[in-house]
Amino acid sequence: MPVISYIEALTQALDEEMSRDENVFIMGEDVGMRGGVFQATKGLYEKYGENRVIDTPLAESAIAGVGIGAAMYGMRPVAEMQFSDFMLPAANQIISEAAKMRYRSNNDWSVPMTIRAPFGGGVHGGLYHSQSMEAIFANVPGLKIVIPSTPYDVKGLLKASIRSNDPVLFFEHKRAYRLIKGEVPNHDYVLPLGKADVKRKGTDVTVITYGLMVHFALQAAEKLADEGISVHILDLRTVYPLDKEAIIEAASKTGKILLLTEDTKEGSIMSEVAAIIAENCLFDLDAPIKRLGAPDAPAMPYAGPLEQAFMVKPEQVENELRNLAEF
Amino acid sequence: MPVISYIEALTQALDEEMSRDENVFIMGEDVGMRGGVFQATKGLYEKYGENRVIDTPLAESAIAGVGIGAAMYGMRPVAEMQFSDFMLPAANQIISEAAKMRYRSNNDWSVPMTIRAPFGGGVHGGLYHSQSMEAIFANVPGLKIVIPSTPYDVKGLLKASIRSNDPVLFFEHKRAYRLIKGEVPNHDYVLPLGKADVKRKGTDVTVITYGLMVHFALQAAEKLADEGISVHILDLRTVYPLDKEAIIEAASKTGKILLLTEDTKEGSIMSEVAAIIAENCLFDLDAPIKRLGAPDAPAMPYAGPLEQAFMVKPEQVENELRNLAEF
Amino acid sequence: MIKDKSETTIETNRHQELGLTDQDVLDIYLNMLKARRVDERLWLLNRAGKIPFVVSGQGQEAAQVGAAFALNRDKDYVAPYYRDYGFVLAWGMTIKELMLNNFAKAEDPNSAGRQMPGHFSSKKLRILSHSSPVTTQNPHAVGIALAAKLKGDDIVSFVTFGEGSSNQGDFHEAANFAAVQKLPVVFMCENNHYAISVSLKHQLACEKISDRAIGYGMPGKTFDGNDPLAAYAAVKEASDRAHRGEGPTLLEANCYRLMPHTSDDNDMTYRTKKEVDEAKKNDGVLTFANYLRAVGVLTEDREKKMEEQVRKEIDEATDYAEKAPFDDADTVLRYVYEEEN
Amino acid sequence: MIKDKSETTIETNRHQELGLTDQDVLDIYLNMLKARRVDERLWLLNRAGKIPFVVSGQGQEAAQVGAAFALNRDKDYVAPYYRDYGFVLAWGMTIKELMLNNFAKAEDPNSAGRQMPGHFSSKKLRILSHSSPVTTQNPHAVGIALAAKLKGDDIVSFVTFGEGSSNQGDFHEAANFAAVQKLPVVFMCENNHYAISVSLKHQLACEKISDRAIGYGMPGKTFDGNDPLAAYAAVKEASDRAHRGEGPTLLEANCYRLMPHTSDDNDMTYRTKKEVDEAKKNDGVLTFANYLRAVGVLTEDREKKMEEQVRKEIDEATDYAEKAPFDDADTVLRYVYEEEN
Ligand SMILES: Cc1ncc(C[n+]2csc(CCOP(=O)(O)OP(=O)(O)O)c2C)c(N)n1
Ligand SMILES: Cc1ncc(C[n+]2csc(CCOP(=O)(O)OP(=O)(O)O)c2C)c(N)n1
Ligand SMILES: [Mg+2]
Ligand SMILES: [Mg+2]
């Protein structure tokens with residue numbers, strides 16, 4: 001199987017979906033001739049033309065809102081928000097409109113739209129090019145929020161998102177774009193939305209996480225294996241609505257749980273995961289449910305040492321896991 | 001002590017703060033001559049004039065953004081969002097700007113602004129006049145989110161919010177406006193932000209909640225007292241950032257916990273409360289942490305029976321508490 | 001029955017000039033009348049405690065119905081806002097459906113009682129689902145036009161909104177997007193001079209809403225919103241431009257909101273009865289009836305029949321809607337996401 | 001040193017007509033030069049791997065510095081955007097401070113290294129804190145003006161933004177709010193013809209950004225953004241109106257972005273070298289030097305001294321900033337909320 005990068009998997013999925021279904025089109029800032037500021041849509045403008053890869057005006061609420069209208073007409077827009085930080089001007093369109101369209105029209109209208117956005121830190125992006133925005137939208141029924149961790153998942157989940165008949169927020173970790181490589185079949189496949197995935201089996205401690213943090217967990221697990229600690233890793237993949245069964249199963253399995261996110265801790269996705277566990281398998285627990293996240297500061301600073309201080313570090317993951325194992 | 005309604009306490013607090021500090025002014029849609037669609041600012045336009053009670057254009061992002069600018073100049077704007085549902089166009093100004101101003105300027109600038117908004121259901125308001133919006137903002141360091149349950153708390157907390165040198169989202173339960181009455185001193189007092197309040201002491205089961213649900217809990221507790229079940233009720237009052245100590249104390253006290261919100265359950269404030277308990281006092285628990293909230297549907301429908309089905313009901317609270325007591 | 005002093009004025013036949021037949025203008029009038037009488041009934045039902053809430057279109061029917069007649073009612077897509085009773089009636093929604101909507105019953109095609117009244121929606125009729133946060137429909141209408149362009153479908157996308165709402169960011173972003181892409185969109189602002197209690201001069205400082213058009217590079221035009229023929233002419237011209245691939249147009253219907261904002265409002269706290277009475281003199285339902293009488297199209301007999309027909313239809317619809325069942329409580333969790341049958 | 005063929009053209013003295021002394025225009029030129037040379041240095045530092053990121057103002061200095069000189073630099077409040085190096089230099093920020101900003105060091109007065117470079121802020125200098133999401137500063141500037149009006153302070157609030165950003169809802173809402181309240185705001189759009197890779201015609205379809213003014217009921221004016229005197233005149237006029245209580249003005253500086261969007265961009269993927277070279281002929285730094293030479297204000301000797309002075313200042317500032325410490329890692333949790341000492 002070819003080994004490609006996270007972002008290549010993305011472009012491949014877009015390309016395949018566009019050639020498969022003429023209703024799929026791309027819209028966003030600089031997605032056309034420039035191929036996106038991260039080059040996620042590279043080559044697609046040349047291949048599909050300016051009608052299907054649309055450089056929009058600099059206006060996120062319009063990008064989302066126009067996308068909604070196009071989706072209502074029967075298209076499958078894939079809208080890019082240049083950075084997830086910049087999707088807030090579109091919050092009203094996403095939360096009040098896209099998410100509620102099917103419900104409020106009693107299943108008459110629907111919004112088969114995917115909104116892609118790079119998120120996450122560790123790239124020297126400062127306050128507004130590093131944020132995790134998923135928690136803001138993770139209380140909005142009608143939305144699905146997908147966050148892949150590997151190139152394989154990127155391709156399968158993006159295709160599933162595009163084919164979904166409901167709106168999907170698809171967050172891509174910008175540091176993973178070129179850092180993370182992996183095997184990706186050339187052929188067409190989809191992965192189920194709403195399903196978490198066991199990325200490593202283990203018996204002593206469970207990590208539940210998503211995005212880049214999956215790789216931090218995998219690294220830590222590798223190291224701890226040498227120490228005789230066996231780590232179980234569940235990658236949520238869809239962070240809203242959550243895969244409750246998988247969470248309960250993974251938590252019950254070891255009874256010692258680390259919930260890991262690079263988002264600020266209070267009010268993060270991991271709060272809900274903790275609540276699910278505490279509600280459903282409390283008596284299977286052998287240790288308090290530990291959460292590891294970023295400090296509760298507004299966002300990741302630009303200066304190197306401050307960025308470092310903000311971002312969760314692989315060693316922290318390792319330490320927390322060791323502590324739990326020894327609990 | 002005079003007994004007044006929740007909304008009268010609100011108007012009183014606004015009036016007192018405006019006469020106390022000339023930097024306090026009100027802005028919003030229909031807050032002037034109309035006195036607000038709920039009459040929260042009734043009489044203030046006549047008393048303080050159109051310069052201090054400003055009818056703005058219909059543009060929430062401007063209301064928040066202009067408020068931010070005015071606050072940076074040294075004013076203390078109290079901005080009204082007509083319904084909390086309609087604050088989403090202002091999400092970018094609130095989250096990217098107000099919340100991050102102090103941090104990003106290294107303490108040079110600050111935003112002493114209060115944003116008031118009626119929230120909550122049970123008033124036949126349909127999808128967009130019934131929502132709980134607090135969870136959307138409860139992952140944003142730099143913001144404080146205050147939700148009072150009684151007229152006494154309304155006055156003390158609104159005054160504290162207006163005097164706070166940081167931005168505060170102040171959510172008022174619209175059904176409580178006229179329904180809830182209580183004793184409110186005529187004199188000036190403030191209540192601390194960031195502090196939860198024990199609304200009833202008990203020994204068997206703990207309810208942690210806020211807003212209108214405090215009253216549902218109080219009602220249920222009254223009934224259950226007859227059955228010999230003693231209910232402890234913690235009113236969060238500030239739902240972000242949370243009062244961890246008070247939560248841990250209240251949870252540890254009885255070991256049986258009901259987390260109650262009228263918001264949809266997944267990703268609600270109660271997720272974080274559950275996570276705090278599961279992280280800090282797991283071994284004090286005698287039962288799984290139970291959450292009671294609305295179904296995970298986009299928002300409360302308009303038709304009576306559907307609204308009823310969506311809204312948490314006092315009997316449900318009672319039943320859940322009884323179940324926990326018997327656990 | 002509608003009567004007015006100025007009945008005897010000699011009128012030129014303006015509708016023939018516009019290519020409208022006598023039957024057309026009678027249909028226009030009938031729809032205006034339906035809208036007005038439905039609206040009046042809704043207030044009565046509300047005062048009688050039978051429906052909890054009314055949002056009213058009185059004073060805006062002329063612009064709404066005139067606009068609907070200028071569009072292709074078999075093909076075009078429309079995003080009417082909450083006062084557009086006249087528009088949706090002319091567009092094919094029935095009085096019965098509107099009553100089901102106002103009683104929030106399961107059979108309501110707009111939302112099966114999930115949304116408040118006046119939040120129109122019907123895929124069958126190509127009416128986009130409307131929500132309460134104002135102006136969100138503007139980008140949707142642009143998206144419809146974009147999709148149609150991509151698919152090569154020759155349609156027009158029509159959207160309405162209030163003048164207060166024209167101050168929302170979404171108005172600006174949608175208009176700009178449509179103009180850049182030269183999309184077949186007709187934006188029609190129903191300027192009724194109030195946004196709840198806030199009068200025009202506290203909403204905006206431009207002379208006309210249509211002055212905003214040039215900032216997007218599209219034509220703008222203000223017309224008499226009490227005159228359905230003016231609305232027809234303006235929307236027809238804009239729609240023709242759209243079909244010719246010349247892009248969007250911004251129209252402004254100059255109207256007046258005759259009733260309080262909604263049944264929850266008391267408009268006498270912010271405007272005078274005198275002002276409202278003054279505006280009533282230009283009420284499009286009255287003045288258009290006068291016109292039709294003056295040009296000999298509306299006879300006393302016809303008028304009487306129309307009124308009777310409308311009253312009967314409203315009576316039956318009310319009765320039906322009142323008795324119709326609500327949706328089951330357990331549907332509260334239906335259609336959050338697509339369901340696999 | 002700047003030289004150009006057209007040096008010998010005979011010029012009328014335009015700055016005296018505007019009430020500017022020879023010293024004023026030399027100061028204007030000095031600030032333009034500082035901005036340009038700092039900018040050039042930043043690119044070198046970036047290419048040398050010393051700073052991770054550059055956002056550049058080359059091609060916009062003339063408009064920026066001309067504008068700053070037209071305002072009251074002791075009283076007015078300003079919200080410059082990320083390309084406004086020329087503006088903030090003319091406003092009182094030092095080269096040293098800009099270098100500290102670019103090296104993201106603790107002493108950086110803008111944000112102590114928390115924000116990316118070019119996100120200006122200084123309460124002392126009445127520079128509002130700028131963030132990355134574009135156009136959010138527009139309502140802030142309006143809020144400053146509103147507060148000043150409420151307090152009876154006679155100041156002007158000045159804000160800049162790109163032409164792409166003028167398509168954001170916040171532009172619209174802010175402009176409308178300012179106009180309704182007749183606030184002393186000067187909106188200056190720096191139209192550099194690109195929003196990253198997206199050229200004007202994909203951003204908007206109006207002929208001029210200033211065409212948007214009439215839709216708010218304010219005057220609009222487009223001026224040559226390569227000419228600091230044109231900027232001075234336009235901003236002065238707008239500022240005078242503001243002081244007279246006549247409300248806001250929308251200005252458009254017609255410039256060109258000479259460099260890639262940022263150091264992360266490759267502009268040759270979406271525009272040609274030829275186009276950029278063509279634009280360079282109108283570079284304000286060159287053409288204004290020519291003007292100053294032509295009217296006899298800028299002598300060869302003076303120019304040389306200026307260049308030397310600027311180079312020295314930049315060298316020292318770079319050296320200082322490079323060696324200055326970063327803020328402590330544990331400050332990451334400082335100033336989320338007000339701290340009690
Ligand atoms: C985003 C948003 N903010 C506030 C409201 C509350 N609201 C409902 S209608 C209305 C006034 C609308 O005025 P206008 O656009 O002129 O339309 P009209 O009602 O006069 O037809 C307001 C403020 C809302 N529905 N949506
Ligand atoms: C809300 C938002 N969306 C997207 C971006 C990413 N972005 C940064 S600058 C820019 C282009 C800005 O263009 P323009 O307003 O013309 O200003 P210029 O950079 O050309 O000076 C974009 C899209 C952003 N910063 N904020
Ligand atoms: Mg109106
Ligand atoms: Mg630009």
Side-chain angles (χ1 to χ4, degrees), chain C residues 133-136 138-139 142 145-146 161-183 185 187 189 191 195 198-222 241 245-250 252, chain D residues 133-136 138-139 142 145-146 161-183 185 187 189 191 195 198-222 241 245-250 252:
Chain C
V134 297
T135 335
T136 50
N138 290 36
V142 176
L146 176 67
F161 49 94
E163 83 291 349
S165 303
S166 81
N167 298 316
Q168 285 277 342
D170 269 4
F171 163 80
H172 179 67
E173 298 194 7
N176 184 64
F177 195 111
V180 167
Q181 291 277 339
K182 272 201 176 242
L183 298 176
V185 186
F187 297 94
C189 179
N191 178 357
V198 181
S199 63
L200 263 185
K201 79 165 202 280
H202 287 107
Q203 280 294 345
L204 28 78
C206 51
E207 271 178 44
K208 303 192 253 70
I209 312 289
S210 58
D211 282 346
R212 297 190 159 169
I214 188 176
Y216 307 111
M218 62 171 91
K221 182 170 185 163
T222 299
R241 284 193 72 242
E246 293 170 19
T249 305
L250 175 60
E252 173 185 13
Chain D
V134 297
T135 336
T136 51
N138 290 35
V142 176
L146 176 68
F161 51 94
E163 83 291 347
S165 302
S166 82
N167 298 316
Q168 285 277 343
D170 269 5
F171 163 80
H172 179 67
E173 298 193 7
N176 183 65
F177 196 112
V180 167
Q181 290 277 338
K182 272 201 175 239
L183 298 176
V185 186
F187 296 94
C189 179
N191 179 356
V198 181
S199 64
L200 263 186
K201 79 164 198 284
H202 287 107
Q203 280 295 343
L204 28 78
C206 52
E207 272 179 44
K208 305 191 252 74
I209 312 290
S210 59
D211 282 344
R212 298 190 158 169
I214 189 177
Y216 307 111
M218 61 171 91
K221 183 171 185 161
T222 299
R241 285 192 72 241
E246 293 171 19
T249 306
L250 174 61
E252 173 186 15

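Values below: every heavy atom of this structure, side chains too, minus hydrogens, waters and symmetry copies. Convention: sequence-line order gives letters A, B, ...; per-chain numbering from 1.
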Which atoms of C:Phe171 approach chain D - backbone, side chain, both or neither, heavy atom under 4.5 Å: side chain
Side chain from CB out, backbone as N, CA, C, O: work out which of these in D:Gln168 comes under 4.5 Å of a heavy atom of chain C, or both, or neither. both
Report, as yes or no, whether the 6.0 Å neighbourhood of atom CD on D:Glu246 holds more than 12 heavy atoms from other residues, nucleotides or ligands. yes
Please classify the contact of C:Lys201 with chain D as side chain, backbone, both or neither, using a heavy-atom distance under 4.5 Å. backbone
Show me the donor-acceptor pairs within less than 3.5 Å that the side chains of residues 211-219 of chain C make with the rest of the protein, sequence neighbours left out.
| residue | atom | partner | partner atom | Å |
| --- | --- | --- | --- | --- |
| C:Asp211 | OD1 | C:Lys208 | NZ | 3.1 |
| C:Asp211 | OD2 | C:Lys208 | N | 3.3 |
| C:Arg212 | NE | D:Gly215 | O | 2.7 |
| C:Arg212 | NH1 | C:Ser166 | O | 3.0 |
| C:Arg212 | NH1 | C:Ser166 | OG | 3.1 |
| C:Arg212 | NH1 | C:Asn167 | OD1 | 2.9 |
| C:Arg212 | NH2 | C:Asn167 | OD1 | 3.2 |
| C:Arg212 | NH2 | D:Asn176 | OD1 | 2.8 |
| C:Arg212 | NH2 | D:Gly215 | O | 3.3 |
| C:Tyr216 | OH | C:His172 | ND1 | 2.7 |

For C:Asn138, which residues count as a side chain to side chain donor-acceptor pair (under 3.5 Å) partner, sequence neighbours excluded? none
